[in-house]
**Q** 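Pasting a structure below so you can have a look.
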Amino acid sequence: MLRAPDNELLDILSAAFRIRRRYFGKTVQLYFLMNAKSGLCPEDCHYCSQSKVSTADIPQYNLLSREKLLGGAKVAAERGSKTYCIVISARGPSEREMQAVEKIVPEIKARHDLEVCACLGLLTPDQAGRLAACGVNKVNHNLNTSPEFYEQICTTHTYGDRVETLKAVRSAGLQLCSGGIIGMGERDEDVVRMALELRELEVESIPLNFLIDIDGTPLAHTTRLTPRYCLKALAMFRFVNPTSEIRIAGGRELHLGSLQALGLYAANSMFVGDYLTTKGQAPEADYKMIEELGFTITRHEAVPAGHS
């Protein structure tokens, strides 16, 4: 599917849409992301502007205050988001950061009709259990690529470390949010392997990023993606993971360009607003795109099979 000729693209998207429509109808789920701690990370993930090997000019700050985290939740709710994502740059959360999350999550959920997804780095089983106990709905920890390619993009932790975190999250009773990045120099086989690994882990939510090759990172100036390839990748992930929520994440504006709307024929979710250290398009443009497709925004889970 990834190597299909471009003249088959619309047929592939049509087939992917039949699967998407069966499990999610014509609904779109929105996510809002808050970069709650920026930079200062000891890991060397080559794609990341916040890693220790990056010289990118980005904001650096420790965990945001209660007021700023609550303010982000308010914006998420106002934008029609289903989920508020709290993200920190770190190998894993400190005890202070864990306690801050445990304190803020119940307050967010008491004020707003939002699910909360936490992205805090590598987690122990005890930390995963604490996140479940305070009301976190799901944890994001991306596989990022295939196990074979992983050591080409990170050396300070392993692919296996990431899988162990996902297993700890699952054992704690939380939903899994895990996806990856396309365009880092991997082979087509690596992209397919990642899709199959996510299916094996029965991941409920899959964010697909398309590399933003940020100046100052080791992967700067390596992007060779076309909008057609990105659409084929989204469709392939839909075929491999038919019942999973598939989210068009970072890089959609850059790589899909004027074909962004077509991505929602395979995916059923998207971020609204900015990403970690890069800007997204205006929320109003997203709302217009969804409306013009004839789709509707929902805060609910998958629609019953057979919904049209």
Side-chain angles (χ1 to χ4, degrees), residues 6 9-35 72 74-85 113-115 117 140 177 179-183 205-212 223 225-239 241-242 244-303 307-308:
D6 287 345
L9 176 59
L10 291 180
D11 291 332
I12 291 169
L13 282 176
S14 177
F17 179 59
R18 290 176 64 186
I19 301 171
R20 180 236 203 270
R21 188 177 61 189
R22 173 174 175 81
Y23 294 104
F24 298 97
K26 295 181 180 179
T27 63
V28 178
Q29 299 173 19
L30 300 181
Y31 281 61
F32 180 82
L33 186 152
M34 174 61 77
N35 193 10
K74 183 174 183 290
V75 173
E78 290 171 348
R79 292 188 179 180
S81 298
K82 169 192 166 187
T83 305
Y84 180 47
C85 307
D113 179 22
L114 289 169
E115 291 190 0
C117 179
N140 168 262
C177 175
I181 307 171
I182 297 174
S205 181
I206 301 175
L208 276 185
N209 300 274
F210 303 101
L211 179 68
I212 301 173
T223 303
L225 298 176
T226 68
R228 285 99 57 207
Y229 184 86
C230 295
L231 291 171
K232 292 169 192 174
L234 287 165
M236 184 274 290
F237 268 80
R238 173 55 69 206
F239 271 83
N241 298 278
S244 295
E245 175 189 293
I246 295 178
R247 182 158 59 263
I248 313 177
R252 66 177 167 93
E253 298 89 350
L254 174 65
H255 293 289
L256 287 169
S258 62
L259 301 187
Q260 277 189 70
L262 292 178
L264 288 174
Y265 283 105
N268 66 294
S269 175
M270 59 193 291
F271 281 108
V272 58
D274 299 333
Y275 304 104
L276 290 174
T277 62
T278 57
K279 295 289 186 181
Q281 70 182 21
E284 292 74 21
D286 292 332
Y287 303 146
K288 181 179 180 182
M289 179 173 67
I290 292 167
E291 180 183 3
E292 289 180 347
L293 283 166
F295 293 173
T296 58
I297 296 170
T298 182
R299 292 189 177 190
H300 302 289
E301 296 299 332
V303 297
H307 181 92
S308 60

**Q** Is the closest basic N to carboxylate O distance between Glu78 and Lys74 below 4.0 Å?
**A**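 So Glu78 pairs with Lys74 through a salt bridge.
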
**Q** Return the minimal non-hydrogen interatomic distance between Ser81 and Phe32, and the atom names on each side.
**A** OG-CB, 3.5 Å

**Q** So which atom in Ala249 and which in Asn209 form the shortest heavy-atom distance, rounded to 0.1 Å?
**A** CB-OD1, 3.2 Å

**Q** Got a second to check how far Glu245's CD is from Asn268's CG, nearest 0.5 Å?
**A**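 Going from CD on Glu245 over to CG on Asn268, the span is 5.5 Å.
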
**Q** Less than 4.5 Å apart, side chain to side chain, heavy atoms only: is that true for Ile182 and His255?
**A**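 No, side chains not in contact.
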
**Q** Report the distance from atom OG of Ser269 to atom CZ of Arg247, rounding to the nearest 0.5 Å.
**A** 4.5 Å

**Q** Please find the pair of heavy atoms, one from Val272 and one from Pro283, that lie closest to each other, and give the distance.
**A**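 Result for this residue pair: CG2-CB, 3.6 Å.
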
**Q** Pro207 versus Tyr31: any side-chain heavy-atom pair under 4.5 Å?
**A**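 Sidechains of Tyr31 and Pro207: no contact.
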
**Q** Under the side chain to side chain contact (heavy atoms under 4.5 Å, CB included) rule, what do Asp286 and Arg79 come out as? Steps first, then yes or no, please.
**A** CA-CA 10 Å; Asp286 292 332; Arg79 292 188 179 180; over 6 Å; no

**Q** Of the non-hydrogen atoms in Phe24 and Pro242, which two are nearest, and what is the gap between them?
**A** CE1-O, 3.9 Å

**Q** To the closest 0.5 Å, what do you measure between SG (Cys177) and CG (Asn140)?
**A** 4.0 Å

**Q** Determine yes or no for a side-chain-to-main-chain donor-acceptor pair under 3.5 angstrom, with Arg299 supplying the side chain and Asp113 the backbone.
**A**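 It does hold such a pair.
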
**Q** Where the side chain of Thr226 meets the backbone of Tyr229, is there a donor-acceptor pair that is under 3.5 Å apart?
**A** yes

**Q** Check the pair Val28 / Met270 against side chain to side chain contact (heavy atoms under 4.5 Å, CB included), numbers first and verdict last.
**A** CA-CA 7 Å; Val28 178; Met270 59 193 291; 4.2 Å; yes

**Q** Donor-acceptor pair, Arg20 side chain versus Ile246 backbone, under 3.5 Å?
**A**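 No, Arg20 side chain to Ile246 backbone: no donor-acceptor pair under 3.5 Å.
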
**Q** What's the shortest heavy-atom distance between Leu208 and Ala233, and which atoms?
**A**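 Distance-wise, the nearest heavy atoms are CD1-O, 4.4 Å.
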
**Q** How many angstroms lie between OG in Ser244 and CZ in Arg238, if you round to the nearest 0.5 Å?
**A** 7.0 Å

**Q** Decide side chain to side chain contact (heavy atoms under 4.5 Å, CB included) for Lys82 and Thr298; before the verdict, give the C-alpha distance in whole Å, the side-chain angles of both, and the deciding distance to 0.1 Å.
**A** CA-CA 7 Å; Lys82 169 192 166 187; Thr298 182; over 6 Å; no

**Q** Give the ring-plane orientation class for Phe17 versus Tyr265, where under 30° counts as parallel, over 60° as perpendicular and anything between as tilted.
**A** perpendicular

**Q** Rounded to the nearest 0.5 Å, what's the gap from CD1 on Ile248 to CD on Glu253? Could you check?
**A** 9.5 Å

**Q** Ignoring hydrogens, what is the shortest heavy-atom contact between Gly80 and Ile297? Give both atom names and the distance.
**A**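 Shortest heavy-atom contact: O-CG2, 3.8 Å.
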
**Q** Hey, could you give me the CD1/CE distance between Ile12 and Met236, rounded to the nearest 0.5 Å?
**A** 11.0 Å

**Q** Can you list the steps and then say if Leu30 with Tyr287 is a side chain to side chain contact (heavy atoms under 4.5 Å, CB included)?
**A** CA-CA 10 Å; Leu30 300 181; Tyr287 303 146; 3.9 Å; yes

